[in-house]
Number of protein chains: 2
Amino acid sequence: MELTEAKQKFIEAWGKLGSEWGINRTMAQIHALLLISPDALTTEEIMETLSISRGNANMTLRDLIGWGLIEKQHKAGERKEYFYADKDTWNIARQVAKERRKRELDPVLKVLDEISKVEGDPKDPEFATFTKSVGDINKLARNVDKTLDTMLKAEESWFWGSIFKMFK
Amino acid sequence: MELTEAKQKFIEAWGKLGSEWGINRTMAQIHALLLISPDALTTEEIMETLSISRGNANMTLRDLIGWGLIEKQHKAGERKEYFYADKDTWNIARQVAKERRKRELDPVLKVLDEISKVEGDPKDPEFATFTKSVGDINKLARNVDKTLDTMLKAEESWFWGSIFKMFK
DNA sequence: TTAAACTTTCAATAATTATTGAAAGTTTAT
DNA sequence: ATAAACTTTCAATAATTATTGAAAGTTTAA
């Protein structure tokens, strides 16, 4: 396999995986492109490589900055902005986990708490099943939340070391 | 808060969370409805409660069965099919993890392996960055894969017990 | 058989989400 | 001030994804 072909396949695969997980395909692709690029790239270069419009490139780059996955760079004597991706997979994983927790898990935890307060007759199967299921999901969600918390604070080696211990 | 209102909020929240994670909103909503329902429900009842069409209900119910999250039930002397959701959150989490691994992680691992075979000049920064990034992602993906494997085989108590040990 | 009761299919349509591209905005150099 | 170089915005449009509903299919009972 050639490098050029491999690059394309990587960008495609990353884009597909992203879209299956609710992440805009273009965002995943730009991220993939920057991940495998040794140097920071301009909007122009990104537009060209991925065949996307200026508007799309600009907005998606801003989103990626918002996710904490890439950063702007400036080169001395140039007005153009360059974009560079953090290549540390542990940082990437943590950053994604952090953002999705904030954007998606936290709001759900809030709703779960709120609806857990529902009052009713424990003899009513409708009520009993509701509170049991919601309570169980709440517990699971809180476990996930705690685990993410640990992961966000952890050093990579420590975290994976702990995971490996699970396999004995 | 009333039970009826709480139910609605739960179904809504579950649907929203699902759609943010690449799961069809209707699928998440039907699942939510069945999760909080003490009895198995008919297609008719589901259509009515969620205001969706017969076609949508039927196809989504089949999908949910495909995901291993619900099952058909038959009542003696009746021709109608009833649908019932497994209420064990640990089973649900495992089932979802299992299916997404099969559908999404496995194909990506395959691509990563394939493109890892790319050959080139280690002095070329393009080549070096590509192989480094892809290699790192490969490692992370394999760690996730192993962890899922352990999770799928594990008893709930054992799994969360191990996670808790991480907090010391 | 026939028909009633029920399930499945799928082309058409609707709803949602992503993308474009040109105009407006901003910054810098002269 | 002016203009060139560059970035941002956003209404219009395209692409994708979800949903409908009616027809076709299936099963059961008489």
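Chain naming here is simple, since letters A, B, ... match the order of the sequence lines and numbering starts at 1 in each. All figures in this text were calculated on a predicted structure; none of them were measured in a lab.
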Check the distance between [N]'s [atom2] and [X]'s [atom1] and give it to me in whole angstrom.
| X | N | atom1 | atom2 | answer |
| --- | --- | --- | --- | --- |
| A:Asn58 | D:dC10 | CG | P | 12 Å |
| B:Lys80 | C:dC6 | NZ | C1' | 9 Å |
| B:Phe83 | C:dT8 | CZ | C1' | 11 Å |
| B:Lys75 | C:dA5 | NZ | C1' | 17 Å |
| B:Ile46 | C:dC6 | CD1 | P | 15 Å |
| B:Met47 | C:dC6 | CE | P | 13 Å |

For this session: Assess the side chains of B:Gln29 and B:Thr26: does a donor N or O sit below 3.5 Å from an acceptor N or O?
Result: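 Absent: no donor and acceptor within the cut-off.
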Exercise. Counting N and O atoms only, with roles assigned by atom type, does the side chain of A:Arg94 sit under 3.5 Å from a partner on the main chain of A:Glu156, one being a donor and the other an acceptor?
Worked result: no
For this session: Please confirm whether the backbone N or O of A:Ala85 pairs with a side-chain atom of A:Lys87, one donor and one acceptor, at under 3.5 Å?
Result: yes
For this session: Answer yes when A:Asp149 and A:Lys153 have at least one side-chain N-carboxylate O distance shorter than 4.0 Å, and no when they do not.
Result: yes
Could you grab the distance from atom [atom1] of [X] to atom [atom2] of [Y], nearest 0.5 Å is fine?
| X | Y | atom1 | atom2 | value |
| --- | --- | --- | --- | --- |
| A:Leu41 | A:Lys80 | CG | NZ | 12.0 Å |
| A:Leu140 | B:Thr89 | CG | OG1 | 5.0 Å |
| A:Met47 | A:Asn58 | CE | CG | 10.0 Å |

Exercise. When clusters are formed by joining ILVMFWY residues with side-chain heavy atoms under 4.5 Å apart, either directly or through shared neighbours, do A:Ile36 and A:Leu50 land in the same one?
Worked result: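 Shared cluster, yes.
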Exercise. Which letter, B, S or -, goes with each nucleotide of nucleotides 12-27 of chain C from 5' to 3', with contact meaning a protein heavy atom under 4.0 Å?
Worked result: ------SSBB-----B
For this session: Measure from NZ or CZ of B:Lys75 to the centre of the six-membered ring of B:Tyr82 and say whether it is under 6.0 Å with the direction within 45° of the ring axis.
Result: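 Flagged: B:Lys75 positioned over aromatic ring of B:Tyr82.
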For this session: Describe, in one word, how the ring planes of A:Trp160 and A:Phe164 are oriented to each other, choosing from parallel (under 30°), tilted (30 to 60°) and perpendicular (over 60°).
Result: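 Because their plane-to-plane angle lies in the 30° to 60° range, the rings of A:Trp160 and A:Phe164 count as tilted.
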For this session: Mind checking which stems touch DNA chain D? I mean at least 3 consecutive Watson-Crick or G-U pairs, both distances under 3.5 Å.
Result: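 For DNA chain D the paired stretches long enough to count as stems (3 pairs minimum) are C:1-30 with D:1-30.
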Exercise. Listed in order of residue number, which residues of residues 61-69 of chain A have a non-hydrogen atom at under 4.0 Å from DNA chain C?
Worked result: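 Residues of residues 61-69 of chain A under 4.0 Å from DNA chain C: none.
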Problem set entry | Non-hydrogen atoms of A:Arg100 and A:Trp21 that approach each other most closely | NH1-O, 2.7 Å
